[in-house]
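Input: a single structure, listed below in structure tokens.
Whatever order the structure lists them in is the order used to number ligands and atoms, beginning at 1. Every heavy atom of this structure was used, including side-chain atoms; hydrogens, water molecules and symmetry mates were not.
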Amino acid sequence: MSFRTLDDLDVKGKRVLVRADLNVPVKDGAVTDATRITRQAPTIRELADKGARVIVLSHFDRPKGKVVPSMSLRPLVGPLSDAVGRKVAFAEDCIGPKAEAAVAALKDGEVLLLENTRFHKGEEDNDPAMAKQLAALGDIFVNDAFSAAHRAHASTDGVARLLPNAAGRAMQAELTHLEKALGHPERPLLAVVGGAKVSTKIALLENLVQRVETLVIGGAMANTFLAAQGINVGKSLYEPDHLETARKVMQFAAKSGAVLLLPSDVVVAKEFKQDAAHRTVPVAEIGADEMVLDVGPDSIKAFAGRLAATRTLVWNGPFGAFETRPFDAGTVAAAKAVADATKSGQLLSVAGGGDTVAALAHAGVEQDFTYVSTAGGAFLEWLEGKTLPGVEALTSR
Ligand code: 3PG
Ligand code: MG
């Protein structure tokens, strides 16, 4: 994978369009998780420090091509300015006269945020006319939004093809770590795939099982695998329509020689609520009126055992219902085992996608993994082995 970085650019006095992903969670007008902003700020700061006129582009939420005032990026001006350590101007449109006037007013080292790109239908359509209007605002395009790179939109794909381009520092870090984790990993390689449903991760499971030495299945999706082996999972959440999918993954594993690690013991309860009465049983002894809510200590021991012989790990999805105590124990223990192996220097660990970051934060080990991606869908598509359009646009020339 070869792409330009900020090191390859001469930006002084240039108008640099930076595609960021400011699609952060906001509640009552306040940003509730600023991770993405914090990660992308260094690119903006570095460009401004080097004398560029920095023009930040982003989508926010899903306004579907219309101006939806509640989805304006204006509330992000303050948080972005705090993160970058510079004043940030705002333009009420991302293309057209308002954007052009705001760009023309920029001086070297100044930063401008443009309004939500998805207020225009041309964004999601990847309309060449919209890409052209965006490209007219800049001399150079820098994409720092890995988490939006699975979208082939005007601001991620179209514009990248019209201007000299490069990856920003956050994009560079994502690509470098993802390449080390799955592109050219040091082996043995282990993947953890957890979460509720097999159905949302079919392509991911089928890709990973053929590329790893060990595939560890956790979360409610493990119930579907257990059921596919004829184990009675009682009242547990599972997908009867996907027993075949699970069997196919098991066949792939047998063929490629990958070890498929399913829970051997589980924590079960008769109701799903905090501190519900529960017991730990071997998977063969799940009661008809019980549901699996976490993996048990033997399963974690087996996981830790495999970990000892592993050099690279990718992780997506929790082992149990980690948001409801005490059913977080399995996820927390597994995350701590990975954190310890990483800290000891024997393991490269990369995690991302959906609930994963929240689960690691809950375990208090977010900082102890080698790398934690800020991406949701893009991370999953990357695990599926797909080419991400936003990355493709930077690497193909
Ligand atoms: C995300 O939050 O996952 C990215 O910003 C992409 O947003 P989208 O799923 O609305 O395209
Ligand atoms: Mg999303």
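Atom numbering of ligand 1 starts at 1 in the shown order; those under 4.0 Å from a heavy atom of R151 are 8 (P), 9 (O), 11 (O). Annotation for ligand 1: atoms under 4.0 Å from non-hydrogen atoms of D21 are 4 (C), 5 (O).
For R118, the closest heavy-atom approach to ligand 1 falls below 4.0 Å.
Classification of R86 and E46 as a salt-bridged pair fails, no side-chain N sitting under 4.0 Å from a carboxylate O. Residues E384 and K201 are not paired through a salt bridge, judged by the lack of any N-O separation under 4.0 Å between the basic side chain and the carboxylate. With respect to E244 and K248, no salt bridge is recorded, no charged nitrogen being found less than 4.0 Å from a carboxylate O. Salt-bridge annotation for R169 and D7: present, with a side-chain N of the basic residue lying under 4.0 Å from a carboxylate O of the acidic one. Under the 4.0 Å criterion applied to side-chain N and carboxylate O atoms, K98 and E92 are assigned as salt-bridge partners.
Of the listed residues (R279, K270, K235, H278), just one forms a side-chain hydrogen bond (donor to acceptor under 3.5 Å, both in side chains) with E290, and that residue is R279.
With a heavy-atom cut-off of 4.0 Å, R36 touches ligand 1 through its side chain alone. At a heavy-atom cutoff of 4.0 Å, ligand 1 is contacted by the backbone of S147 but not by its side chain. Of the heavy atoms in H153, none comes closer than 4.0 Å to ligand 1.
Evaluated by nearest non-hydrogen atom to atom 9 (O) of ligand 1, the leading choice among H59, R62, H150 is R62.
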